[in-house]
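First up is the structure itself, then whatever we jot down about it.
Reckoned from all heavy atoms, side chains included, excluding hydrogens, waters and symmetry mates. None of the values given here were measured: they were computed from a predicted structure. A, B, ... follow the sequence lines: proteins, then strands. Residue 1 opens every chain.
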Number of protein chains: 2
Amino acid sequence: MDSQRSAPVGRPRSFDPDEALEKAMRVFWQNGYEGASLPDLTEAMGISRTSMYAVFGNKEELFRQALARYADGPASYGAEAVAEPTARGVATVFLHGAVRSATLPGYPTGCLSLRASLIGGEDGQGIRELLGAWRDETSAMLTNRLRRAVDEGDLPAETDSALLARYLMTIGNGVAVQAAGGAGRADLQVIVDAVLQSWPPVLSTDR
Amino acid sequence: MDSQRSAPVGRPRSFDPDEALEKAMRVFWQNGYEGASLPDLTEAMGISRTSMYAVFGNKEELFRQALARYADGPASYGAEAVAEPTARGVATVFLHGAVRSATLPGYPTGCLSLRASLIGGEDGQGIRELLGAWRDETSAMLTNRLRRAVDEGDLPAETDSALLARYLMTIGNGVAVQAAGGAGRADLQVIVDAVLQSWPPVLSTDR
DNA sequence: CCGATTCCGCACCGATCGATCCGAAACTGC
DNA sequence: GCAGTTTCGGATCGATCGGTGCGGAATCGG
């Protein structure tokens, strides 16, 4: 309804919140949640401490919005993957997206949520819950999509779709860690191609 | 030479350094390097702040020794793997070891070095170098072993042993992340078995 | 020009970090 | 018993953390 406030009088905002959020995302991506200090963030965003609190509330809320931007941007390959018409396409887009996202030129390597989640401390509990929820959401999205593939006959009837989703996320996580450790895009591309070569994997529970 | 000091007179040590190091390792494993505070560590070790500094020097040195204990204990599967007579055995022991180590009952889930490495901050630089060195050491160990397998005809002649080692570490890292996220041992076991089902993987650089 | 509004720089808060220092208690060999 | 040595709890240090409050500069509508 009211896209404009009641009385927008006074000094206008001198910076672009979207651009500031982009910078904040990169800092969190690079340093993790607790590793990114307020001076780090505000300096990168080009705004003062005061403005950050006025616009975003606090550090945790800033991270929430940065994560949302991350999920819609560099990490949108999950949503892209489930839109593929075949299960093989889902796996291909997902793993290729993981490689591309973890080795984006001009961005930190690896995965933002991974760098931010593997932290201790009691204050980071809300952050861990947030990241856990996002991870579970991705997992559920993949699981549902793969189950549909089973129903459609695109995957063997005995396929455990949840386990197969976990399989994909395991490879994706490994790719992210490797990228954070300095692995190049070409190497990781070859690795996920090798994984995709044996699709679908034989996830036999019995041994 | 002199296994005993010159004049061991005075109050004897009232705690077992080895046992204390074990406790410290668990705390680091659970909370990461920066996430483990001095009170956390000393309380778990059952010793005072003073004693910790007297015995280990500082927090970073304590972590070094805890990591060494980790590498010789729960994470010794890397060394065990390269002792296998076949490349398939190497991969099997490595991946099964990764699963077992990441889901040890009574221990934190996941991988100590992963939890400790993915942190920012400027003070953690020495820690990151230490963990990077250990990772590179493992990588080199696997690479050399796989190269030997190529020389012995145990793997195809055109195999890129370094890339194949990276392939194994990628899966292992993914397993560690999944375990840290709550994945159970049985699921991860099935996943790595599926990976091993297509051994050796087709790591074709050309597409 | 003027009041209103919003920005920013800066000082400040309590809490926690790793690290150090000190006095008292505990145990050794003589 | 007596010195010598080491342990321990606790106070303390400087630095940094996330978060807040304040005053001045800048920019709007009127």
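- Atom pair A:N58:CG and D:dG19:C1' shows a separation of 9 Å (rounding to whole Å applied).
- With hydrogens and angles ignored, the 3.5 Å screen pairs no side-chain donor or acceptor of B:R166 with any backbone N or O of A:D187.
- Within the 4.5 Å cutoff, the side chain of A:F94 has no heavy atoms near those of the A:V82 side chain.
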Subject >> CA sep, side-chain torsions, deciding dist, call: A:S37, A:D40, side chain to side chain donor-acceptor pair (under 3.5 Å) >> reply: CA-CA 5 Å; A:S37 70; A:D40 290 340; 3.1 Å; yes
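- The distance between atom CD of A:E34 and atom C1' of C:dT16, rounded to the nearest whole Å, is 12 Å.
- B:R88 places a side-chain N or O within 3.5 Å of a backbone atom of B:W199 that can act as its donor or acceptor partner.
- For the atom pair NE2 (B:H96) and CZ (B:R100), the distance works out to 10.5 Å, reported to the nearest 0.5 Å.
- Taking atom CE of B:M52 as the reference point, atom P of D:dT6 lies 19 Å away to the nearest angstrom.
- Between the CD atom of A:E60 and the C1' atom of D:dC17 there is a distance of 15 Å, rounded to whole Å.
- Using a 4.5 Å cut-off on side-chain heavy atoms (C-beta onward), A:D193 and A:V190 make no contact.
- Within the cation-pi definition used here (under 6.0 Å to the ring centroid, within 45° of the axis), B:R115 does not qualify as a partner of B:F28.
- D:dC17 atom C1' lies 8 Å from atom CG of A:L38, rounded to whole Å.
- Rounding to whole angstrom units, CG of residue B:D16 and C1' of D:dT7 are separated by 16 Å.
- The CG-C1' distance, from B:D40 to C:dT16, rounds to 12 Å in whole Å.
- Side-chain contact check for A:M52 versus A:L38: some heavy-atom pair is nearer than 4.5 Å.
- Stems are defined here as 3 or more consecutive Watson-Crick or G-U wobble pairs with pairing distances under 3.5 Å; those involving DNA chain D are C:1-30 with D:1-30.
- For the pair B:L62 CG and C:dA19 P, the computed distance is 10 Å after rounding to whole Å.
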Between N or O atoms, less than 3.5 Å apart, protein on one side and nucleotides 9-16 of chain D on the other: list the pairs.
unit_1, atom_1, unit_2, atom_2, d
D:dG9, O6, B:T50, OG1, 2.8

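- With A:F63 as reference, A:Y33 is the one residue of A:Y70, A:W29, A:Y33 to meet the ring pair (Phe, Tyr, Trp, His ring centres under 6.0 Å) rule.
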